[in-house]
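Right, one structure below, let's go through it.
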Amino acid sequence: KREVTEMPTLAAGYVLDDRGSPVPDAVIEVSGGGASGSPEEFAADVRWSAVADGMGRFRLRGFVEGERIALCASAPGHLRPERLVVPRGEKKVSLKLSRTSSITGKLLLPARMPLDDVRLWVECDGETIPGLLDPSGTYRVGDIRPGTASLYVLVAGLDTPVYSVPGLTAKAGTEIN
């Protein structure tokens, strides 16, 4: 007769957004091996991962060395936070994700201008985020940190943007159109 051994719980808890709402389907990654609790002490490689349920709940099971583990959650439309260090076996973990913003719209391009000649991006807090442009000229730039953003459009062969919108206010969880 075979004996089945259940793997121990490494961590369990919830993934919540900046409003305290559950983040369904968030991916939680764990790495282990730390003793002091400093995030730099943990190996960068991910040992296990789990997906939160529809209420943002998760449970990670497995074996790792060390008394502490590092956790990190990610989900579309949310910023990836720093790793959180918790004691191995902790069952009341609360991982927080901040919501991002997105900018959408439609470019009215000259009839014969190839889309390959157009580059669209947003700059926010020193970060450049490329935009996606579909064949109809509709664009979307996602995963923008809350703050002041500027939208730019550049056409191949020109040195300066042909269109810019400075001073857009990107708020968490909103779409600017």
Side-chain angles (χ1 to χ4, degrees), residues 1-104 121-132 134 138-149 151 168-177:
K1 182 177 179 181
R2 288 187 189 192
E3 191 166 315
V4 176
T5 303
E6 188 174 287
M7 290 199 285
T9 296
L10 295 173
Y14 290 88
V15 181
L16 304 171
D17 69 15
D18 46 20
R19 298 172 302 184
S21 298
V23 179
D25 304 320
V27 175
I28 303 91
E29 300 172 337
V30 62
S31 57
S36 73
S38 167
E40 296 80 26
E41 186 179 331
F42 291 86
D45 62 321
V46 173
R47 305 297 170 102
W48 283 275
S49 64
V51 177
D53 68 12
M55 295 299 297
R57 296 176 296 213
F58 70 92
R59 178 178 303 276
L60 287 155
R61 295 181 183 274
F63 297 98
V64 294
E65 294 181 15
E67 294 300 313
R68 301 177 76 71
I69 58 172
L71 302 171
C72 190
S74 61
H78 295 80
L79 297 174
R80 188 176 175 95
E82 296 294 317
R83 291 188 288 181
L84 176 68
V85 177
V86 299
R88 186 181 63 205
E90 178 65 48
K91 293 184 174 98
K92 294 182 180 178
V93 176
S94 180
L95 296 172
K96 304 274 193 244
L97 292 177
S98 295
R99 294 170 297 144
T100 58
S101 182
S102 62
I103 297 175
T104 61
W121 73 95
V122 166
E123 291 181 1
C124 184
D125 294 333
E127 184 179 12
T128 300
I129 306 155
L132 300 173
D134 75 13
T138 301
Y139 65 85
R140 182 178 193 286
V141 185
D143 293 335
I144 301 169
R145 293 179 178 279
T148 302
L151 172 71
L168 297 169
T169 302
K171 294 181 182 177
T174 63
E175 181 176 291
I176 300 168
N177 192 335

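All values reported here derive from a predicted model rather than from experimental measurement.
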When rounded to the nearest 0.5 angstrom, what is the spacing between CG in D143 and CG in L79? 7.5 Å
At what distance, to the nearest 0.5 angstrom, does CZ of R68 lie from OG of S31? 12.5 Å
Could you tell me which non-hydrogen atom of R59 sits nearest to which non-hydrogen atom of A50, and how far apart they are? O-CB, 4.0 Å
Can you name the nearest heavy-atom pair linking V51 to D25, along with the distance? CG1-CA, 3.7 Å
Evaluate the side-chain proximity of L95 to L84: yes if any heavy-atom separation is below 4.5 Å, no if none is. yes
Which heavy atom in R57 sits nearest to a heavy atom in Y14, and how many Å separate them? CG-CE2, 3.1 Å
Roughly how far, to the nearest 0.5 Å, is the OG1 atom of T148 from the CG atom of D125? 7.5 Å
Return the CG to CD1 distance between L168 and I144, rounded to the nearest 0.5 Å. 8.5 Å
Taking atom CG of D18 and atom CZ of R99, what is their separation to the nearest 0.5 Å? 4.0 Å
Counting only N and O atoms by type, is there a donor-acceptor contact under 3.5 Å from the side chain of T100 to the main-chain atoms of G77? yes
Closest heavy-atom pair, V23 versus L16, reported as atoms and distance to 0.1 Å, is CG2-C, 3.7 Å
So, S101 side chain and T174 main chain: donor-acceptor pair closer than 3.5 Å or not? yes
Have K96 and S94 got a donor and an acceptor in their side chains that come within less than 3.5 Å? yes
Do you know which of T9, V30, I69 makes side chain to side chain contact (heavy atoms under 4.5 Å, CB included) with L60? V30
Can you see which heavy atom on C124 is nearest to which on R145, and at what distance? SG-O, 3.4 Å
Those residues that, when tested against E90, pass side chain to side chain donor-acceptor pair (under 3.5 Å) (two or more places apart): none
Rounding to 0.5 Å, atoms OG (S102) and CG (N177) come to a distance of 9.0 Å
